Amino acid sequence: LMLKEREKDSSKGDAGGEEVLKGGLVKVRIVYRKTQKPAQMARWIDHLMGTVAKNFGVKSYKTVRRGRRCSVTFYGIYMNCQLAAYAFRVAVERISQMAAEHKPAPGSSISTKSSRLSYALGMERGIADAVDTNIEQEKKRRERKLERARRAASSGEAYEESDDDKDDE
């Protein structure tokens, strides 16, 4: 599978010289690498779409018309959408390549197609688990930071944030 990106710029505006987080969307077309025709939306690609959107703090939706169109659109903060689309594209291409090279275990009664689908679903599940773990760790880190700031404020001390805190690791 080869994916192509198409970007749509959001409205351009400037709020008094301050940097504004602009919204937008980024569309990723999913096509067969050799024929450039739209691919089918495999179950693991659908699952991966939600995982990537969750990781980058954006929303997503898919557009599927059998034989005509297969695409995923990320929307939200434009920079996050661009990052999500790039990560999604790279992950889909890599998982597709690895699944195509996957051979079922010798003597297995499972078909090659089912084995490859299972392999791709497993890869997606691993990515989803890593994203969930990362989000949970980030949440705990923010809570520890907030608690340190509250303790400092209640004791009248100045709270200073540092990147090399031992508690964060």
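Quick caveat, the model's predicted, so the values are computed rather than measured.
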Worksheet item: Is there a side-chain contact between Val72 and Ile30, using heavy atoms and a 4.5 Å cut-off?
Response: yes
Worksheet item: Between the main-chain N or O of Ala100 and the side-chain N or O of Arg116, is there a donor-acceptor pair closer than 3.5 Å?
Response: yes
Practice prompt. Could you pull out all residues at least two apart from Glu136 that satisfy salt bridge (Lys or Arg N to Asp or Glu O under 4.0 Å)?
Written response: none
Discussion item. Going by side-chain contact (heavy atoms from CB on, under 4.5 Å), name the residues that satisfy it together with Asp129, two or more places apart in sequence or in a different chain.
Written reply: Arg125
Worksheet item: Hey, does Lys62 have a side-chain heavy atom less than 4.5 Å from the side chain of Asp46?
Response: yes
Fill in: Residue pairs passing the ring-ring contact (aromatic ring centres under 6.0 Å, His included) test where at least one lies in residues 127-155, sequence neighbours excluded
none
Discussion item. Would you say that Phe74 contacts Tyr61 through its side chain, given a criterion of any heavy-atom pair below 4.5 Å between the two side chains?
Written reply: no
Worksheet item: Which is it for Glu147 and Glu143 under the side chain to side chain contact (heavy atoms under 4.5 Å, CB included) test, yes or no, and what are the steps along the way?
Response: CA-CA 6 Å; Glu147 183 57 36; Glu143 288 172 358; over 6 Å; no
Practice prompt. Report the residues that fulfil side chain to side chain donor-acceptor pair (under 3.5 Å) with Ser155, sequence neighbours left out, ordered by chain and then residue number.
Written response: none
Discussion item. Can you pull out every ring-ring contact (aromatic ring centres under 6.0 Å, His included) where at least one residue sits in residues 132-154? Sequence neighbours excluded, please.
Written reply: none
Worksheet item: Hey, are Ser118 and Ser115 close enough side-chain-wise for a donor-acceptor pair under 3.5 Å?
Response: no
Item to complete: Return each pair, listed once, that meets ring-ring contact (aromatic ring centres under 6.0 Å, His included) where at least one residue sits in residues 98-156; pairs must be two or more places apart or across chains.
Response: His102-Tyr119
Fill in: Glu138/Arg141 ion pair, N-O < 4.0 Å
yes
Practice prompt. Check the pair Met49, Phe88 against side chain to side chain contact (heavy atoms under 4.5 Å, CB included), reporting the backbone distance first and the verdict last.
Written response: CA-CA 7 Å; Met49 175 183 77; Phe88 179 77; 4.1 Å; yes
Worksheet entry | Min side-chain heavy-atom separation Lys54-Ile135 under 4.5 Å | yes
Worksheet item: Between Tyr78 and Val26, is a side chain to side chain contact (heavy atoms under 4.5 Å, CB included) present by the stated rule, with each step listed?
Response: CA-CA 8 Å; Tyr78 187 63; Val26 179; 3.9 Å; yes
Worksheet item: Could you walk me through whether Ile95 and Trp44 pass the side chain to side chain contact (heavy atoms under 4.5 Å, CB included) check?
Response: CA-CA 10 Å; Ile95 293 171; Trp44 66 268; 3.6 Å; yes
